[in-house]
Amino acid sequence: MEIPARYSPDSIEEKWYAYWLKHHCFHSVPDEREPYSLVIPPPNVTGVLHMGHMLNNTIQDVLVRRARMMGKNACWVPGTDHASIATEAKVVAKLKERGIEKSQISREEFLQHAWEWRDKHGGIILEQLKKLGASCDWARTRFTMDPEMSNAVVDTFVYLYHKGLIYRGVRMVNWDPAGCTAVSDEEVIHKEVHEQLYYIRYHLSDGGKPCDQYLTVATTRPETIMADVALCVHPQDPRYRSLVGKKVLIPLIHKEIPIIQDEYVSMEFGTGCLKITPAHDINDYTIGLRHHLPVVDILDERGHLTSAAQILVGVDRFAARKKIALMLREAGLMEKEEAYTTQIGFSERTNAVIEPRLSMQWFMKMADPAKQALEYVETNQIRLIPEKFKNTYRHWMENVRDWCISRQLWWGQRIPAWYLPSGAFVVAVDATQALELARKIDPSVQAGEIIQDEDVLDTWFSSWLWPVSVFDPAIPGHPERKPNPDLAYYYPTNDLVTAPEILFFWVARMIMAGHEFCGKPPFKNVYLTGIVRDKQGRKMSKSLGNSPDPLEMIAQNGADGVRMGMLLCSNAGNDILFDESQVEQGRNFCNKIWNAYRLTRGWQVDEKAEQSCCSALTVRWFQQRMAQAISQVDDLFDKFRLSEALMLVYKLFWDDFCSWYLEWVKPPAGMPMDAATYLATNTFLNDLLLLLHPFMPFITEELWQNIAPRREGETIMFAHYPKPNLFETDSLAAVEEVKEVIVAIRTLRQHKKIGQRMTLTLYVHGPFDVSYTPMIAKLAHISEITAETPPNGLSGSSFRVGTSDFFVPLEVATNVEAECQKLKDELDYLVRFVTSVQQKLSNAAFIQNAPAKVVELEHKKERDALAKIGVIQTQLKNYEA
RNA sequence: GGGUCGUUAGCUCAGCAGGUUUAGAGCACUACCUUCACACGGUAGGGGUCAACGGUUCGAAUCCGCUACGACCCACCA
């Protein structure tokens, strides 16, 4: 049986994923076991896998696989999000390519296209997750626009409306002129931009004709001057006091507007004179309300000037800005222009500059839900990992504003409100119920006369129900609803793994919904991953083209290698500077594991052979080491320190198991091995595979299947995760000293150019436990270790481990001068060190104040260093003699 | 403008209820080695005044203050 020297993942990964699916290993149904549940942050239905997903889902898979092995009934629910604005934008673009404008087709036709698009591209991302090894319960896959999921959303709306938490009103909202929709505050991203500050002259009006006298106004948005309804100055500003109450003319259109005063205006900024444009600025809007000013809206939904602007009608706002500036210059009304840096809001989805716009929208009151959502986190009923996000979370929850939940889109759950001809409206789960309610207002109303609201709900208004609705879509609004065993069993879920950027969008709102509908928070731990960045620290994005193709990476290095690469650099909450070399490290590790298996596979067992002393000692040591490592791993998992847990297992396998254990027990080439050691080695390998499985599911399954006979359907996924045992730190420390001795002898050989084959004798003086001699003998090629004093005049080298001196007789010519210099340097260093320790010890305050333990430690340092100095001095003397 | 977090080897990070650390790990690097599991390897090794300054303390990478730089969050001065 020939096993290749290199591990090749592709066929193996495919084989085991199919096997797991075939045997329904990922599927979970409620039973008497303790549940462990986790819901996927649903990716956009038409999205493709990027590095962020890779990281996020690898972490989830590690958690869920470990829980499963620990005997819990683990359930990881997958699914996708309809992502209303993002998907709608994609469909609109797609239709445009085919020469179809959204405005030319009906809502129904558009939705048909959208569903076609979804059927074609939806779920690709879930297929990609399978390549990663994700152990999702695919039978439970949900989509936020599945009929029953949508019903839940509608029910929720109706329920909250009747509870008084949802209302409709005209408000200044963040308008996305590219998406032609309102967006919530959270979907606006502020960026610093370099703009111009224009200083524009408004001449005073003399009965509609311009006087010579003028006021200068500084603005970044000259294209909105046509929407001005007043100029405003500070009441205390002496420059303008006499002008208040007079009128000025808007440049270019010569419309007369008043000069008013308001304390809002800052006297220091610009000219101290502010133009008031209520329709296009939130502050101006509030000032306008205060002074009962009219609202002149000159922009349409796409950000083009309307006829209300009188000039440049139909021109885009930014083009208009340039043109107006030009016209003002030509008219001699532009006093000056200066560079100006300011923050501007951009749409998260379309990257269009957000336009403050007055419009009728639906809102949800957030004050009360936020209070409860904050309390869960403050009282640690929900743990944020890392904890630093608590501050950010608190700040947001304490300053939350009402949530604009309506979107002027078609792709999504349509708002369940119906309007009567009179303009009154009713909120109901469907048209039939709506008609009933409508007739209570106007008994004469007919079915065809009530019209449903054209808008849909914000995507987050469906995803905030996710941890509830995936288990039971029939949420609230149904007081008579039946108890649902899935919800009762799996809710609340255990962990949520997501990105900090959606802590407010999604996590906070899920907490609110969970509380509202289940009376309990939806999860216990929120693990916030970092943003995946490239080596230069730039966010990985499609537009930058700096994101490696995850599937390509898996094809190159195997899913296990990629998972390991992701995990190694993923400490919670910090951004991840991703470097493909880490994936290479993962791939190399797979190969190491593979070859350790190859080695043990090749061993012949001799039932009659006695276990060697060395092997017995080694097995005993590794038992201790395993026990220690298992409890360390448990501890790291409790703290969600996944990358450290993986590193620990990595070193356990590579260093402790391969470099030490296997080398110690390895029989000489062609020789058989005793049964006891063989059995122990297999057990260790088995346990190591179990520890590794959550991180690297495929290779561990492959090897686990091979190291012992398995029945069809059996899988490492349900093998019992190793439990921590007690271990003796003393014997572990003893073997650490053994390793040190071996390393010292190896170093000696290298420096003195003594071949590995040449056996040496070792003299030891001190408390070193000589019962470990066989282990040293094997790896350092020592023929014997003796406690005798070496005969006088014997040449050789000495070293020190712990508090024992070692001496190796050597008859090799040495470069005495170089050797002495090296020893002198070392001596120098030690003398300086001892001096500093002694200084500390001679400090009365230190002796008085420091704990006895610390003082004793310093004494020990002194003793050890002095002893080392002694050894070196003897060596030097020997050389000089 | 306000706030949060960070700055430890070339890189990514751990250590931070002050003293068992004369600051650790992995990767990268250097030298030697194709020796019978693995060159996607072995053995050995080099590398940091813990961002700067000041303070508290017998003692500071660890606590406090300030500065610089970086990241993020929040915010209606046009």
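To find a chain, count down the sequence lines: A is the first, B the second, and so on, and within it residues start at 1.
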(request) May I ask you to verify if any side-chain N or O of A:Lys860 is less than 4.0 angstrom from the OP1 or OP2 atom of B:U20? (result)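 Checking B:U20 against A:Lys860, no side-chain N or O comes under 4.0 Å of OP1 or OP2.
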
(message) Counting only side-chain nitrogens and oxygens, does A:Lys592 get under 4.0 Å of the OP1 or OP2 atom of B:G42?
(response)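 Indeed, a polar side-chain atom of A:Lys592 lies that close.
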
Contact class for [X] vs. all strands (heavy atom < 4.0 Å): base, sugar-phosphate, or nothing?
{"X": "A:Glu663", "result": "base"}
{"X": "A:Gln585", "result": "sugar-phosphate"}
{"X": "A:Pro851", "result": "base"}
{"X": "A:Trp654", "result": "sugar-phosphate"}
{"X": "A:Cys658", "result": "base"}
{"X": "A:Ser836", "result": "nothing"}
{"X": "A:Asn849", "result": "base"}
{"X": "A:Arg587", "result": "base"}

For [X] and [N], what is the distance between atoms [atom1] and [atom2] respectively, to the nearest whole Å?
{"X": "A:Phe653", "N": "B:A25", "atom1": "CZ", "atom2": "C1'", "result": "20 Å"}
{"X": "A:Lys778", "N": "B:U35", "atom1": "NZ", "atom2": "P", "result": "19 Å"}
{"X": "A:Lys639", "N": "B:C13", "atom1": "NZ", "atom2": "P", "result": "20 Å"}
{"X": "A:Arg641", "N": "B:A25", "atom1": "CZ", "atom2": "P", "result": "17 Å"}

(request) Indicate, with yes or no, if the rings of A:Phe589 and A:Tyr650 have centres closer together than 6.0 Å. (result)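 Here the rings of A:Tyr650 and A:Phe589 have centres that are less than 6.0 Å from each other.
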
(request) For RNA chain B, just give me the dot-bracket, please: Watson-Crick or G-U, both distances below 3.5 Å, ( ) intra-strand, [ ] crossing earlier pairs, | paired with another strand, . unpaired. (result) ((((((((.[[[[.)...(....]]]].(((((.......))))).....[.[[[..)....]]].])))))))....

(message) Please pick, from B:G19, B:A37, B:A14, the nucleotide with the shortest atom-to-atom distance to any side-chain atom of A:Leu857.
(response)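 For the A:Leu857 side chain, the nearest candidate turns out to be B:G19.
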
(message) Checking side-chain polar atoms at under 3.5 Å, does A:Ser184 have a donor or acceptor matched by the opposite partner on A:Glu187?
(response)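 Distance-only check passes for A:Ser184 and A:Glu187.
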
(request) Scan side-chain atoms only and decide if A:Thr224 and A:Lys275 contain a donor-acceptor pair under the 3.5 Å cut-off. (result)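 Their side chains do contain a donor-acceptor pair, which is all the 3.5 Å distance test asks for.
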
(message) Can you classify the ring geometry of A:Tyr661 versus A:Phe684 as parallel (below 30°), tilted (30 to 60°) or perpendicular (above 60°)?
(response)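 Correct class here is perpendicular.
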
(request) Could you say whether A:Gln582 or A:Lys651 is positioned toward the 5' end of RNA chain B, judged by the nucleotide with the nearest heavy atom to each? (result)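 Nearest-nucleotide comparison on RNA chain B picks A:Gln582.
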
(message) Return whichever of A:Ala744 or A:Ala5 has its heavy-atom-nearest nucleotide of RNA chain B closer to the 5' end.
(response)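 Final value for this comparison: A:Ala5.
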
(message) Counting C-beta onward and ignoring hydrogens, is there a side-chain heavy-atom pair between A:Met775 and A:Thr618 closer than 4.5 Å?
(response)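 SC-SC contact between A:Met775 and A:Thr618 confirmed.
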
(message) Do A:Met758 and A:His781 have side chains that approach each other closer than 4.5 Å (heavy atoms only, starting at C-beta)?
(response)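 SC-SC contact between A:Met758 and A:His781 ruled out.
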
(message) For a quick check, with a 4.0 angstrom heavy-atom cut-off, what is the B/S/- contact string for nucleotides 72-78 of chain B, read 5' to 3'?
(response) SSSBBBB

(message) My understanding is that only residues two or more places apart in sequence, or in another chain, count here; which of them pass side chain to side chain contact (heavy atoms under 4.5 Å, CB included) with A:Glu740?
(response)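 Side chain to side chain contact (heavy atoms under 4.5 Å, CB included) check on A:Glu740 returns A:Val801.
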
(request) Kindly indicate, with the supporting measurements, whether the criterion salt bridge (charged side-chain N to carboxylate O under 4.0 Å, His left out) is fulfilled by A:Lys739 and A:Asp656. (result) CA-CA 11 Å; A:Lys739 291 179 181 174; A:Asp656 291 314; 3.3 Å; yes

(request) With syn defined as a glycosidic angle within 90° of 0 and anti as everything else, classify B:A52. (result)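 That one's anti.
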
(request) Determine, for A:Glu580 against A:Arg587, whether the closest basic-nitrogen to carboxylate-oxygen distance falls under 4.0 angstrom. (result)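 Salt bridge: no.
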
(message) Looking at A:Lys388 and B:C5, is any side-chain donor or acceptor paired with a base atom of the opposite kind under 3.5 Å?
(response)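 Flag unset: no donor-acceptor pair detected.
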
(message) Looking at A:Pro4, is its backbone amide N or carbonyl O close enough to the side chain of A:Trp594 to form a donor-acceptor pair, meaning the two atoms are under 3.5 Å apart?
(response)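 Judged by distance alone, yes, a pair lies under 3.5 Å.
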
